[in-house]
Protein chains: 2
Amino acid sequence: MSDAHRSSDRGQRRAKAAAPPAAVDIGDLGAYIGFHLRIAQDASFRAFARNTGQQGIKPGRFAALMVIGRNPGIGQGALGQTIGRDKSTITPLIQDLQRLGLIERRPSTDDRRRVHLYLTDAGKTHLSRLKRYARAHDRKLDEIVGAEKAGFLELLRKIANALD
Amino acid sequence: MSDAHRSSDRGQRRAKAAAPPAAVDIGDLGAYIGFHLRIAQDASFRAFARNTGQQGIKPGRFAALMVIGRNPGIGQGALGQTIGRDKSTITPLIQDLQRLGLIERRPSTDDRRRVHLYLTDAGKTHLSRLKRYARAHDRKLDEIVGAEKAGFLELLRKIANALD
DNA sequence: TATTGTTATACTCTATAACTATA
DNA sequence: TATAGTTATAGAGTATAACAATA
């Protein structure tokens, strides 16, 4: 608590799930995997969002860009399934990316209900920039996790799969 | 895809981050700790929310009840710091819990700005019910994680701490 | 009838800033 | 001046349901 440039009502610095004030007892919570999963993800997400936010893109868009980049021509439905979101969630997301000029939508010629999604050149450029940030971010995580990375990822994957 | 009781527009069953359709390539995403952290947490949270939702309480409330139960008389600020949320986020949360009759707010006598939070009897009952669900949920996670639990938790804790 | 994507709508969670009342 | 909590407001993220167009 020694930071000068701080306006009156911001004494708490930043909400921080990881380090409760010492006096507070969190009880059983500390033994729950689910609880730690949540606060670790929260911290990781916020750290990443700080970077991508400066890039003018919302962190949730990253996965979408990534998938479109890897699967040129993918449809919105498949994209949604891949990143685990409903198609009605995909629509505004796609519109957003299109407005930013990062993707292109081409109507399918053989099935006129469908659209195919592609990265524009700007989208590709932007994606590689985002990937640099993602890699930097994940390098931090790698440092923390160290040699156990493979096992750690495996557990996370198992959790995601087992819990539907 | 063989489930009979399903209305026309719900063919996707449930948005599911864990298992992309086989044909879709997620690229580097699969190597990012942050990505797996997100989908594992997502799955865990949704599974838990399915249970607590049936109990008529929002999953985000659980941690708050837990902390209040363990720290009778705690103030809203400390509660917020403990669960990693801003005080302005705590206010409506507390009002909600109070409306449900689960907590009681007593104004502090020595500092009239402060309030002290306590579980009511109903709150205690409700909390133990929630804890049963949380334990059941975490038992599933325990099964998945198995013997590596200690190391796994340690890594999650380190992530949360290192990332501010 | 089923599927692709859109729209209308609504809910949860969250924060920032400005505020009141205390201290 | 600083702190505890409130309010006003906003925005991200998400989903369900009903819909139009097409298959």
Please tell me if [X] has a side-chain N or O lying less than 4.0 Å from either OP1 or OP2 of [N].
X         : N       : result
Lys87(A)  : dG5(C)  : no
Arg114(A) : dA21(D) : no
Arg46(B)  : dA15(D) : yes
Thr89(A)  : dA15(D) : yes
Arg112(A) : dA21(D) : no

Looking at every heavy atom in both [X] and [Y], which two are closest together, and how far apart are they?
X         : Y         : value
Asp28(A)  : Arg70(B)  : OD1-NH2, 3.5 Å
Ala160(B) : Ala40(A)  : CB-CA, 4.1 Å
Ile33(B)  : Leu153(A) : CA-CD2, 3.8 Å

## Note on the structure
Here the residues of residues 91-106 of chain B within 4.0 Å heavy-atom distance, strictly under, of DNA chain D are Thr91(B), Gln95(B), Arg105(B)
Atom [atom1] of [X] and atom [atom2] of [N]: how far apart are they, to the nearest Å?
X         : N       : atom1 : atom2 : result
Leu79(B)  : dT14(C) : CG    : P     : 12 Å
Arg85(B)  : dT16(C) : CZ    : C1'   : 16 Å
Lys58(A)  : dG11(D) : NZ    : C1'   : 8 Å
Phe62(A)  : dG13(D) : CZ    : C1'   : 18 Å
Ile39(B)  : dT14(D) : CD1   : P     : 13 Å
Asp110(B) : dT22(C) : CG    : P     : 14 Å

### Query
Hey, is the main chain of Leu102(B) close enough, under 3.5 Å, to the side chain of Thr120(B) for a donor-acceptor pair?
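Here the side-chain-to-backbone pair exists.
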### Residue Asp86(A), side-chain heavy atoms: nucleotide from dG13(D), dG5(C), dT16(D) that is nearest
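So the nucleotide nearest the side chain must be dT16(D).
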### Query
Where the side chain of Arg38(B) is defined as all heavy atoms beyond and including C-beta, which of dT22(C), dT14(D), dC13(C) is the nearest nucleotide?
dT14(D)
### Message
Reading DNA chain C from 5' onward, which residue's closest nucleotide shows up sooner: Ile90(A) or Arg113(A)?
### Response
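The residue mapped nearer the 5' terminus is Arg113(A).
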### Query
For Ser88(A) and Asp111(A), take the nucleotide of DNA chain C holding the closest heavy atom to each; which residue's nucleotide lies nearer the 5' end?
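Between the two, 5'-proximity favours Asp111(A).
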### Task
Salt-bridge test for Arg38(B) and Asp42(A): reply yes if a basic N is under 4.0 Å from a carboxylate O, no otherwise.
no
### Message
Any salt bridge linking Arg157(A) with Glu154(A)? Criterion: basic side-chain nitrogen under 4.0 Å from a carboxylate oxygen.
### Response
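Between Glu154(A) and Arg157(A) there is a salt bridge, with a charged N closer than 4.0 Å to a carboxylate O.
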### Those residues that, when tested against Asp96(B), pass salt bridge (charged side-chain N to carboxylate O under 4.0 Å, His left out) (two or more places apart)
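For Asp96(B), the residues satisfying salt bridge (charged side-chain N to carboxylate O under 4.0 Å, His left out) (neighbours in sequence not counted) are Lys58(B), Arg61(B), Arg99(B).
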